[in-house]
Amino acid sequence: MQLPWWWELGDPCAWTGQCRGTRRMSPATTGTFLLTVYTIFSKVHSDRNVYPSAGVLFVHVLEREYFKGEFPPYPKPGEISNDPITFNTNLMGYPDRPGWLRYIQRTPYSDGVLYGSPTAENVGKPTVIEITAYNRRTFETARHNLIINIMSAEDFPLPYQAEFFIKNMNVEEMLASEVLGDFLGAVKNVWQPERLNAINITSALDRGGRVPLPINDMKEGVYVMVGADVPFSSCLREVENPQNQLRCSQEMEPVITCDKKFRTQFYIDWCKISLVDKTKQVSTYHEVIRGEGILPDGGEYKPPSDSLKSRDYYTDFLITLAVPSAVALVLFLILAYIMCCRREGVIQLVHHSAIQKSTKELRDMSKNREIAWPLSTLPVFHPVTGEIIPPLHTDNYESTNMPLMQTQQNLPHQTQIPQQQTTGKWYP
């Protein structure tokens, strides 16, 4: 039975050709094997090993069903459990994943996906990814390890690479094996290569794209890079002609003859297609010629030796505190002398005391004079009631406590004279 070409893209043996075996398993046999392996892993909690190839897209799905049996109460066979589960992935001993590996999970009720394109630098080095599952209902956790054994590819990298921008897809939708297989099938019909691989998939949000509005089923968009071993077809190069470049500059769709082969399922923005020919790339390395503006090479940094003599900072500490303290003390003494010893108010207080003393002596002298009181101080009759009004003074008052000029006081039967206010109103 001959398998379809896209099945081989998902088979590590087809990628590398390094599997030990003389017979390829059929899809049914492979499905049975995966089911058996899944059952063994879910019971013995052992690490899972995967064998991706460098430069070829790697996709690993973190299935919620795989981890549901890890959380108590353990569901019985046939029992449906729909607890929200999220995943946290990181490189063992580090807080994050390797730079080439990405992770996405839309909601706690969907599966998580690890994807990326392994690099040739990690070939032969097992990469251990710690996967921690969180049950958001019971707050239970389960941990498994994913061991990624990156294998080298004979034709890495593929010389001809094309990157497509698909507008009507999200990254998790494009990572599905059926959807990715359909897209690679359409590319193969247009390109006609002998070998075609998906190299990488990137969300448009990682390229600076904007989050779409939640209307009309809008998608984020995804960049898909594929590689082949034959030059680009004439259809793919149509976007490079001047007419299509002009239409792209005017934000119009270019005319591509093979667009109908993708339009049934994938809406491709042909203005954003990128064609890279590795065979024609010239090395951009240039020897550095030292001249003005470039610092001379000072060699390696040599830290100071441990034999340095210790320095006593006690004297510096005292000087640092003593000098400001002395200056502050001098300023304080100067200010105290000015405020306490050179006050002009002292003379004014002495002068005021002399005046008060003289005033008291005059009042004592006036009290001892035996003369008749002025008529203004004798009793008078009130013009209205006819009552006798007592004088303004008494014989037993202390004259020294009276002011030199007496203020007018309202007597009990004195007639009040209306006074005019500044506002123009009269008040009694």
Side-chain angles (χ1 to χ4, degrees), residues 5-6 8-12 14-17 52-59 98-102 115-123 150-167 169 171 174-177 179-209 221-241 244-245 248 254 256-259 261-262 265-285:
W5 66 271
W6 53 267
E8 297 180 0
L9 293 176
D11 186 2
W15 292 344
T16 61
S53 297
V56 180
L57 178 65
F58 165 72
V59 180
W100 61 269
L101 188 63
R102 296 188 179 96
Y115 66 99
S117 181
T119 58
E121 290 79 7
N122 296 325
V123 172
I150 303 176
M151 306 174 67
S152 60
E154 297 178 357
D155 52 354
F156 173 81
L158 292 173
Y160 302 96
Q161 299 176 3
E163 187 177 56
F164 300 86
F165 177 64
I166 305 174
K167 298 185 291 184
M169 287 287 176
V171 62
M174 196 67 198
L175 289 173
S177 58
V179 179
L180 183 58
D182 294 341
F183 177 75
L184 294 178
V187 174
K188 186 174 183 180
N189 292 334
V190 173
W191 201 338
Q192 297 296 329
E194 296 181 2
R195 183 175 178 82
L196 180 68
N197 285 335
I199 298 177
N200 201 1
I201 292 180
T202 308
S203 173
L205 300 182
D206 297 334
R207 298 283 188 91
V222 60
Y223 289 89
V224 181
M225 177 175 287
V226 298
D229 55 351
V230 296
F232 305 108
S233 62
S234 58
C235 176
L236 296 178
R237 291 193 175 275
E238 288 180 359
V239 71
E240 297 179 349
N241 61 52
N244 287 331
Q245 290 293 326
C248 289
I256 306 297
T257 57
C258 57
D259 180 58
K261 296 183 179 181
F262 297 91
Q265 189 176 359
F266 307 100
Y267 293 97
I268 297 178
D269 189 348
W270 292 98
C271 292
K272 294 184 178 180
I273 189 174
S274 175
L275 304 178
V276 179
D277 188 354
K278 296 284 186 178
T279 61
K280 296 182 180 180
Q281 287 187 350
V282 181
S283 177
T284 57
Y285 173 78

_Nearest 0.5 Å, please: how far is CG in L158 from NZ in K278?_
10.5 Å

*Heavy-atom pair with the smallest gap, counting every atom of A228 and P159*: O-CD, 3.5 Å

_Any donor-acceptor pair under 3.5 Å linking the side-chain atoms of S203 with those of D206?_
no

*asked:* Taking T257's backbone N and O only, do any of them form a donor-acceptor pair with E238's side chain (distance below 3.5 Å, no angle check)?
replied: yes

*asked:* I'd like to know if the side chain of Q192 and the backbone of N189 have a donor-acceptor N/O pair within less than 3.5 Å.
replied: yes

*Atom SG in C235, atom NZ in K261: separation rounded to 0.5 Å?*
7.0 Å

*Partner set under ring-ring contact (aromatic ring centres under 6.0 Å, His included) for W100, not counting sequence neighbours*: none

*Return the minimal non-hydrogen interatomic distance between L275 and A162, and the atom names on each side.*
CD2-CB, 3.6 Å

*To the nearest 0.5 angstrom, please state how far the CD1 atom of I150 sits from the CZ atom of F58.*
9.0 Å

*Take atom CZ in F232; do more than 12 heavy atoms of anything else shown fall under 6.0 Å from it?*
yes

*Over all heavy atoms of both residues, which pair between V123 and M151 is shortest? Give the atoms and the distance, please.*
CG1-C, 4.2 Å

*Verdict with reasoning, I273 to I268, per side chain to side chain contact (heavy atoms under 4.5 Å, CB included)*: CA-CA 8 Å; I273 189 174; I268 297 178; 5.8 Å; no

*Check: V190 main-chain N/O paired with S233 side-chain donor or acceptor under 3.5 Å*: yes

*Name all residues meeting the ring-ring contact (aromatic ring centres under 6.0 Å, His included) criterion together with Y115; count only those two or more places apart in sequence or in a different chain, and write none if there are none.*
none

*Atom CD1 of I199 and atom CG of L196: how far apart are they, to the nearest 0.5 Å?*
9.0 Å

*Is a donor on one side and an acceptor on the other found under 3.5 Å between the side chain of Q245 and the backbone of V239?*
yes

*What are the two closest heavy atoms between R102 and T202, and how far apart are they?*
NH1-OG1, 3.9 Å

_I need the M225 CE to F164 CZ distance, nearest 0.5 Å._
10.5 Å

*asked:* In terms of relative ring orientation, are F165 and Y223 parallel, tilted or perpendicular, with 30° and 60° separating the classes?
replied: tilted

*asked:* Could you measure the distance from the OG atom of S152 to the CG atom of N122? Nearest 0.5 Å is fine.
replied: 13.0 Å

*Is there a side-chain contact between D277 and Y160, using heavy atoms and a 4.5 Å cut-off?*
yes

*Pairing residues for M174 by the side-chain contact (heavy atoms from CB on, under 4.5 Å) criterion, not counting sequence neighbours*: I166, M169, V179, L180, F183, I201, V222, V224, F266

*Do N244 and W270 have side-chain N/O donor and acceptor atoms under 3.5 Å apart?*
no

